[in-house]
Each structure stands twice: as structure tokens, then as C-alpha cells.
Amino acid sequence: MLNHQDLGLQDKQLIKHFSYINGSWHSSELQIDVTNPANGEVIARVANAGVAETELAIKSANDAFKMWSSKSANERAVIMKNWFDLMIQHQDDLARILTLEQGKPIAEAKGEIAYGAAFIEWFAEEGKRIYGDTIPGPSNDKRIIVIKQPVGVVASITPWNFPNAMISRKAAAALAAGCTFVVRPATQTPLSALAMAELAERAGIPAGVFNVVVGDDARGMGEVLTQHPDVDKFTFTGSTAVGKSLISQCATSVKKVSMELGGNAPFIVFNDADIDAAVKGALMSKYRNAGQTCVCTNRIFVQSKVLEDFIEKFTAAVSALTIGDGLIDGINIGPMISSQAVEGVDKLVKESVAAGAKVILGGEIDKAGNAFYQPTILTNVTNDMPIASNEIFGPVSPIISFEDEDEVITMANDTEYGLAAYFYARDIGLIWRVAENLEYGMVGINEGAISNAAAPFGGVKQSGNGREGSKYGLDDYLEIKYLCLGGLDK
Ligand SMILES: NC(=O)c1ccc[n+]([C@@H]2O[C@H](COP(=O)([O-])OP(=O)(O)OC[C@H]3O[C@@H](n4cnc5c(N)ncnc54)[C@H](O)[C@@H]3O)[C@@H](O)[C@H]2O)c1
Ligand SMILES: O=C[C@H](O)CS(=O)(=O)O
């Protein structure tokens, strides 16, 4: 196992080995190995918390709620701004920790830290704008008043693909609203979450307000987080399959729920598109994090007149991508999270080739190691092939040709998912029709990078419910209370 010195951090105190509960670091007998997906090296061992520690974290959050929610929005904002400042101050170390445990290229990891911190900065301010209403009453002796209050204790489970930003996108909104927070991060990537807890403590976030429980008993810990009577709201980011199971668990106590789930993003190139811009946008939206993002392009639809031109330019661009250890500057494609993930992607490719798809680039596990999959392009793909109907979650671009607008809208919408969609066109009438007819929560128009803290991130259909980021992102952490003031005519 590497020791702290080998990890190359400026601030070695950012590597934490214990769950963070009620302002203290909690050891456990068993341990979990945290491995670098690029080479399989054990980079750290963390204590393996379980149901008991999860229950303790919820109790701590419940005990801290009155104190935290009674602070003014300004007081909470000052502390959250400290947290933001520390995240930016330690951006390089946090990014290195992230790449070591998750694999993404270091430049992307630095981008994720800035993206994650942006939610803390954004919601520190939004918390000051939680407005209510006064509504004209039905008679002159009554007044209707609406106030908004924090929902209470928030429990969450987050994925490995954005181990910093998926936590801060939730925790920042929760804390700004006056809620307290418990997160169980993915087992593969606990170090980023624990480093966030270390900086939260340094920022002055009080004990019990922000808690991180790390353990590999996902099911057992999940049952506590979704069913404990002191949890008022549950929020999850991950696959649709797991999300469905967690929603049903939350039903037992009618918890407030928000879900950020899977995707199957169409990327549509129309005849009048700027092809060079479309190639750039497709590269960004497809190959970020080796294709392991929920909003990654999953199907590329190209209108027939520009098909050959797009394929030629896109193939040249993808061929230029470099694959290797994410810690090496200039690497574009790092390892996937595991060799099992690679095998799953390779299976989709092979099954689709058997059904008639053609590999024009890549299509194999890379010589860099068994967790590396070559940036791949398939042509002659149809919408019903496995590579098109499944969320790939890997660096593979299936290209599907189409003739007209109605045909491509029908194909693009023919999925249970509805998270992100992208299209490139110039005709303003077509832009409005396509934007309104795509059944997705987020649509990039002549743009492949759409995620930012000011925008409402979320999906429709089986991609989830609720929104994270933007002025809408607080709604999931607030309850509306209606006050009816009577007897005012005396
Ligand atoms: N919509 C979004 O914002 C968003 C963001 C990131 C990832 N995702 C989706 O997440 C998926 C990839 O991430 P993943 O492989 O970590 O997803 P996953 O659903 O397998 O795991 C997500 C989290 O849930 C935990 N988990 C798994 N089974 C559980 C159970 N039975 N009970 C409780 N917890 C359980 C995991 O340990 C992990 O922490 C993709 O589908 C991707 O689209 C969506
Ligand atoms: O994959 C999950 C993230 O939500 C992607 S993004 O960084 O928010 O675009």
C-alpha cells in the first residue's frame, strides 16, 4: 500500500481513514482497500463503517438540526463561504486524491473540484433568498401568509464517477436551507468525501451538520438511510435500477425524495449544423471521464447529407485522444472504474457488432491495462442495438443516420431515460421545434458542455425527479407552510 508520502499531496492531512460523525473521526475494526483503477495499487485503507455508524450519524444530524436551522442565512453563508475558499485553496490536492481513487484525468479532476465548490458558493448566497408570500385573503378579516422552512435531516447516497461534486451539489443546498446532512459515498471513492469533511471541519461547520459514513454494506446502510424515522428527506445519485429500489424503501415512511439517475443522451447533427462545432461538442459530451457521466452522449444521430463529413472529422478528432494514467498531464482518457466496467462496455460493443454495427475505431481493451478501453466509434448502428438502447457508461460512440426531423425525434425519445440531450442546427424554427419535442430535462443546443451551478440539473421519465443547482435547487430541501391569520377585523 502506498503511504501518505507516496500520494504526492501538499497537505497530507487531507487523507482521512475514518468516517466523520458528529465532528469526530470514527474508526471501525474492518477496513476497506481504496485502489487506483489505473494500476490496481492500494492507495489507502479506510475504516469500514456499517449500520451502527449510520444510525449514529443520523442521530448526530438530528441533534444538530435545531442549532443549525436557527442560525440566520447570513451566518450559514459565512461558514459555507469558508468551506468554498478551502476547497479552492486545496484544489490541486483534492483533484489528485480524486484522480488517484477514481481515475479521471487530472485536468478533469481539477474541473470537478471547481464545479463542486461552485455549488457551495452558489447556495451560500441562494440561502439568503428563500422568500415566502403574502396572498390576498378570501375576506378582510383574514390574511394568508406562506413561509418556507428546512425539511430537517437529509440522508444521501452518491456514486463514484463524481466523488466530490455529487456530494457538494446536494450538501450545499441542504446546508444553505438549514438542513443537516448525512452522506454514504460509493465504496470505490471514499477519500474525496472524507477530504470534504476535513475541510468542512476547518471551515467551522459545526459537529453533526455534515456527516460522512464510509462502508461497503451499501444495502444495509441504505435501508437505514431510507427508512430511519429521524431522516426527513432522502436524495440519491446513481443508476435507475438502484434508484427505484431506494424510492420504494423511502415509501415506508413517505420521505421527501429526489433522484438523479441514469441517462441515454441523444446527440443530433442536422444537415445545417456547423460540423466542426458539432465534432467538438460530441467529443466533449462523449469522452469526458472516459464516457462515465450520466449526461454523456450515448447515441449520435447524423442527418444523411452530412454523415460522411461528420464521420471523417469526428474519427480524426477521436483518434487524437490520448489514453493512460490520469495523473499524467495531457492524458485525455483515463481508466474506467474497474475491469468489470470495461468488460460490460466491451460486451455491448461485441453484441452490437454481431447485430450489424461496424467498428471504425477502437473497440478493444487497451494495452495500457485491463481497466482501459479504447476510444471507440461504431457506425451502421440502429436504435434497437444493445449499444444504443443501454446506457454505455464508457468511451464508445454509436453513430446512427437519419433522414428527417420527425424520424430522429421519435428515435431520440424512444428510451425510458430523459436526462440530457444535445443537437446542432442553425435554422431557428427547427431549433425551437426540436428543443420542445425532445423528452429530456436538459437540452444542449450547439453546446456539448451544459453542467453548471446556475442551471437546474435533472431529468424526466426514469432519469429521476427534482433539480440540483440553480434557484430551483433549494426547493427539494424546503417545506412550504401556510399561515392563515384570522380575526383581523376586530
Ligand atoms: N443523474 C445524475 O446526476 C447522475 C450522476 C452520476 C451518476 N449517475 C448514474 O449512476 C450510474 C453509475 O454510477 P454507479 O455505478 O455508482 O451507480 P449505482 O447505482 O450502482 O451506485 C450508486 C451508489 O449507490 C450505492 N448502492 C448500490 N446498490 C445499492 C443498494 N442496493 N442500496 C443502497 N445503495 C446502493 C453504491 O454503492 C453507490 O454509492 C449511472 O447510471 C449514471 O447514469 C447519475
Ligand atoms: O455524471 C454525473 C454528473 O452529474 C455529470 S456533470 O458533471 O454534472 O455534468
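Each ligand, and each atom within it, is numbered from 1 in the order the structure gives.
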Enquirer: Can you tell which part of Glu391 has a heavy atom less than 4.0 Å from ligand 1: side chain, backbone, both or neither?
Expert: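 Side chain only.
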Enquirer: Quick one: does atom 8 (N) of ligand 1 have a protein heavy atom under 4.0 Å from it?
Expert: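 So atom 8 (N) of ligand 1 has protein heavy-atom neighbours under 4.0 Å.
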Enquirer: Say whether Phe162 and ligand 1 are in contact under the criterion: heavy-atom distance to a ligand atom below 4.0 Å.
Expert: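 The answer is no, since Phe162 has no heavy atom less than 4.0 Å from ligand 1.
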Enquirer: Mark up the atoms of ligand 2 that fall under 4.0 Å of a heavy atom belonging to Val295, in ascending order.
Expert: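 Going through ligand 2 atom by atom, the ones under 4.0 Å from Val295 are 9 (O).
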Enquirer: Please work out, at 4.0 Å between heavy atoms, whether the side chain, the backbone, both, or neither of Leu419 comes within that distance of ligand 1.
Expert: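 The side chain, only.
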Enquirer: So is Thr293 touching ligand 1 or not, going by heavy atoms under 4.0 Å?
Expert: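 Per 4.0 Å heavy-atom rule, Thr293 does not contact ligand 1.
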Enquirer: Checking ring-ring contact (aromatic ring centres under 6.0 Å, His included) against Phe267, which of Tyr424, Tyr440, Phe301 comes through?
Expert: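 Of Tyr424, Tyr440, Phe301, ring-ring contact (aromatic ring centres under 6.0 Å, His included) with Phe267 is met by Tyr424 alone.
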Enquirer: Short list, please: which atoms of ligand 2 are under 4.0 Å from a heavy atom of Thr293?
Expert: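 Selected atoms, number and element: 1 (O).
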Enquirer: Hey, are Thr382 and Asp384 close enough side-chain-wise for a donor-acceptor pair under 3.5 Å?
Expert: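 Present: a donor and an acceptor within the cut-off.
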Enquirer: Which protein non-hydrogen atom lies closest to atom 11 (C) of ligand 1, naming both residue and atom, and how far is it?
Expert: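 So the nearest neighbour among protein heavy atoms is Ser239 N, 3.5 Å.
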Enquirer: Can you pull out the closest protein heavy atom to atom 33 (C) of ligand 1? Residue, atom name and distance to 0.1 Å, please.
Expert: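 Result: Ala218 O, 3.3 Å.
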Enquirer: Knowing that exactly one of Thr189, Asn36, Asn161, Asn289 qualifies, which makes a side-chain hydrogen bond (donor to acceptor under 3.5 Å, both in side chains) with Gln102?
Expert: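 Result: among Thr189, Asn36, Asn161, Asn289, Asn289 is the only option passing the side-chain hydrogen bond (donor to acceptor under 3.5 Å, both in side chains) with Gln102.
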Enquirer: Going by the closest heavy atom to atom 23 (C) of ligand 1, which one wins out of Thr158, Val242, Val295?
Expert: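 When every heavy atom of Thr158, Val242, Val295 is considered, Thr158 comes closest to atom 23 (C) of ligand 1.
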Enquirer: Do Tyr373 and Ile323 have side chains that get closer than 4.5 Å, going by heavy atoms?
Expert: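 Contact flag for Tyr373/Ile323 side chains = no.
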Enquirer: Is it true that Lys244 and Gln462 share a donor-acceptor pair across their side chains at a distance under 3.5 Å?
Expert: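 The answer is yes; a qualifying pair exists.
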Enquirer: So Phe314 and Tyr287, would you call those rings parallel, tilted or perpendicular, with 30° and 60° as cut-offs?
Expert: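 Because their plane-to-plane angle lies in the 30° to 60° range, the rings of Phe314 and Tyr287 count as tilted.
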Enquirer: Please determine whether a side-chain nitrogen of the Lys or Arg among Asp230 and Lys59 lies less than 4.0 Å from a carboxylate oxygen of the Asp or Glu.
Expert: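 No, no charged N to carboxylate O under 4.0 Å.
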Enquirer: Can you tell me the protein heavy atom closest to atom 42 (C) of ligand 1 and the distance?
Expert: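 Protein heavy atom with the smallest distance to atom 42 (C) of ligand 1: Phe393 CE1, 3.4 Å.
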Enquirer: Judged on heavy-atom distance to atom 4 (O) of ligand 2, which of Arg169, Glu468, Glu260 sits nearest?
Expert: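 Closest candidate by heavy-atom distance is Arg169.
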Enquirer: Arg184: heavy atom below 4.0 Å from ligand 1, yes or no?
Expert: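 In this structure, Arg184 qualifies as a contact of ligand 1 - some heavy atom is under 4.0 Å.
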Enquirer: Can Arg169 be said to touch ligand 1, with heavy atoms closer than 4.0 Å?
Expert: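 Heavy atoms of Arg169 do come under 4.0 Å of ligand 1.
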Enquirer: Should the ring pair Tyr115 and Phe119 be called parallel, tilted or perpendicular, given that the plane angle runs from 0 to 90° and is split at 30 and 60?
Expert: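 Perpendicular, since the angle between the ring planes exceeds 60°.
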Enquirer: Take the angle between the ring planes of Trp25 and Tyr20 and call it parallel below 30°, perpendicular above 60°, tilted in between.
Expert: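 Trp25 and Tyr20: tilted rings.
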Enquirer: Please work out which of Gly116, Gly238, Cys294 has its closest non-hydrogen atom nearest to atom 3 (C) of ligand 2.
Expert: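 Considering heavy atoms of Gly116, Gly238, Cys294, the nearest to atom 3 (C) of ligand 2 sits in Cys294.
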Enquirer: For atom 2 (C) of ligand 1, grab the closest protein heavy atom and report residue, atom and distance to one decimal in Å.
Expert: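 The protein heavy atom lying closest is Cys294 SG, 3.2 Å.
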Enquirer: Considering distance alone, does some N or O of Tyr115 sit under 3.5 Å from an N or O of ligand 2?
Expert: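 Looking only at distances, the answer is yes, because the N/O contact criterion of under 3.5 Å is met.
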Enquirer: Is it true that Met166 lies under 4.0 Å from ligand 2, counting heavy atoms only?
Expert: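 Within the 4.0 Å threshold, so yes.
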Enquirer: Scan side-chain atoms only and decide if Lys170 and Ser258 contain a donor-acceptor pair under the 3.5 Å cut-off.
Expert: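 There is no such pair between these side chains.
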Enquirer: Among protein heavy atoms, which sits nearest to atom 9 (O) of ligand 2, and what does the distance come to when rounded to 0.1 Å?
Expert: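 Heavy-atom neighbour on the protein nearest atom 9 (O) of ligand 2: Ser451 OG, 2.5 Å.
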Enquirer: Less than 3.5 Å between some nitrogen or oxygen of Arg288 and one of ligand 2, yes or no?
Expert: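 Arg288 vs ligand 2: N/O contact under 3.5 Å present.
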